[in-house]
Participant: 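One structure is given below, represented as structure tokens, and several questions about it will come after.
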There are 2 protein chains.
Amino acid sequence: MAPDLAERETTTEDETALGGYALARQVGHLLRRAHQRHVAIFQEGIGAAALTPMQWAALVTLVRDGQASQNQLGRLTAMDPATIQGVARRLLARGLIARAPHPADRRISLLAATPAGVALVKATLPAAVAISEATLAPLNADERRTFLQLLQRMAFA
Amino acid sequence: MAPDLAERETTTEDETALGGYALARQVGHLLRRAHQRHVAIFQEGIGAAALTPMQWAALVTLVRDGQASQNQLGRLTAMDPATIQGVARRLLARGLIARAPHPADRRISLLAATPAGVALVKATLPAAVAISEATLAPLNADERRTFLQLLQRMAFA
DNA sequence: GTCCGATCATTCGTGTACGAATAATCCGCC
DNA sequence: GGCGGATTATTCGTACACGAATGATCGGAC
């Protein structure tokens with residue numbers, strides 16, 4: 001496999017022409033790659049439960065809060081109304097959540113985890129913890145604290 | 001707007017049942033939200049260039065490296081062959097990049113930025129720098145160094 | 001009591017993201 | 001010199017992600 005020539009061929013515009021801008025050092029690129037790596041760890045670690053990160057987020061939130069409207073669940077998990085719609089539809093199809101009409105507001109249908117959904121969350125919780133742990137594996141305890149604290153501010157600024 | 005009742009209705013399973021697992025504190029959730037915030041800043045900051053983060057990544061990489069095969073460009077920007085295909089197709093359609101047959105390998109067509117693509121990158125570079133800056137705005141200079149160093153390890157571990 | 005702005009859920013369109021399968025081509029090994 | 005494994009690009013299917021538009025409903029101001 002032609003070692004270097006393959007990855008760096010004819011150089012038309014040198015990096016100097018980009019004024020020191022290196023994609024690999026930009027926050028956005030690093031955030032994307034770190035998230036990408038986490039999703040891969042998640043898929044691997046979630047195993048037989050076969051949930052996506054978003055499905056897990058929605059389900060675990062419903063288990064914690066008991067019930068919520070669809071848009072409300074979207075806000076709690078940082079999903080667009082259009083996005084949570086698809087996530088909810090797939091969880092509904094698997095029988096992990098259920099809908100009930102809101103007693104007073106006919107626009108709303110309340111979502112709640114079914115017994116199967118609650119059971120799945122309880123069974124999967126150790127895997128979820130292990131996933132977070134594995135994602136943070138490159139850092140030691142001190143670094144994890146620092147990183148999470150800074151990341152929190154980057155996320156919610 | 002019913003303040004608290006709306007966001008926390010009937011609580012079936014208390015947080016204690018989740019053994020202290022709080023979605024809002026998990027790395028994966030925070031990485032997703034930080035990335036989400038960055039993409040919003042990017043869309044806002046890129047302005048008239050109307051590029052997505054991925055299109056920018058591919059284009060700036062081609063300007064730096066001169067030319068690359070499609071899969072190679074995907075590897076350089078951390079995109080699946082299936083994903084880079086769509087990104088390249090859209091850049092091609094806008095005339096920002098062009099294809100040429102590889103002189104020796106008929107499987108490969110080489111991608112390169114067109115003069116229009118190079119010009120767009122040069123014109124957009126200040127905006128790209130400002131986007132990275134705006135994304136890191138919640139942190140001071142010391143924190144940025146620390147965060148980027150740790151994030152780098154999280155991304156490439 | 002009725003109108004008006006806000007909210008709820010859905011749908012459409014576009015753009016990542018990636019596993020899996022495919023056809024064409026390449027290359028090293030025998 | 002032909003064969004088998006690797007690589008290239010494409011396609012299909014599924015799942016986020018979100019702007020924008022829609023129709024139903026709600027709630028408060030008048």
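All chains are named by letter (A, B, ...) in the order of the sequence lines, taking the proteins before the strands, and each is independently numbered beginning at 1.
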Participant: Between atom CG in A:L111 and atom C1' in C:dC8, what is the gap in whole Å?
Facilitator: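 It works out to 12 Å between those atoms.
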Participant: Is the side chain of A:R32 donor-acceptor paired with the backbone N or O of B:H35 at a distance under 3.5 Å, no angle test?
Facilitator: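 No, the answer is negative, given that no donor and acceptor are paired below the 3.5 Å cut-off.
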Participant: Atom CD1 of A:I84 to atom P of D:dG19: distance rounded to whole Å?
Facilitator: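 Rounded to the whole Å, the gap is 16 Å.
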Participant: A:Q55 near the nucleic acid: base, sugar-phosphate alone, or nothing, with a heavy-atom cut-off under 4.0 Å?
Facilitator: sugar-phosphate
Participant: What nucleic acid atoms does B:V87 come within less than 4.0 Å of, heavy atoms only: base, sugar-phosphate, or nothing?
Facilitator: sugar-phosphate
Participant: When we call it a touch if two heavy atoms are under 4.0 Å apart, what does A:Q43 touch: a base, just sugar-phosphate, or nothing?
Facilitator: nothing
Participant: At 4.0 Å (heavy atoms only), tell me whether A:T83 reaches a base, stays on the sugar-phosphate, or touches nothing.
Facilitator: base
Participant: Report the nucleotide, chosen from C:dA17, C:dT10, D:dT10, that has the shortest atom-to-atom distance to any side-chain atom of B:P81.
Facilitator: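 Closest nucleotide to the B:P81 side chain: D:dT10.
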Participant: Looking at D:dT25, does its base get a donor-acceptor pair with the side chain of A:R106 below 3.5 Å?
Facilitator: no
Participant: What nucleic acid atoms does A:D105 come within less than 4.0 Å of, heavy atoms only: base, sugar-phosphate, or nothing?
Facilitator: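 Answer is sugar-phosphate: A:D105 comes under 4.0 Å of backbone atoms only.
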Participant: Taking the nucleotide of DNA chain D with the closest heavy atom to each, which residue, A:A104 or B:S109, is nearer the 5' end?
Facilitator: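 The residue closer to the strand's 5' end, by nearest nucleotide, is B:S109.
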Participant: Ignoring the backbone of A:N71, work out which of C:dA9, D:dT11, C:dT16 is nearest its side chain.
Facilitator: C:dA9
Participant: Provide, to the nearest angstrom, the distance between the CG atom belonging to B:L59 and the P atom belonging to C:dT16.
Facilitator: 13 Å
Participant: Answer with base, sugar-phosphate or nothing: what part of the nucleic acid does B:R32 contact at a heavy-atom distance below 4.0 Å?
Facilitator: sugar-phosphate
Participant: Measure NE2/A:H35 against P/D:dA17 and give the value in whole Å, please.
Facilitator: 7 Å
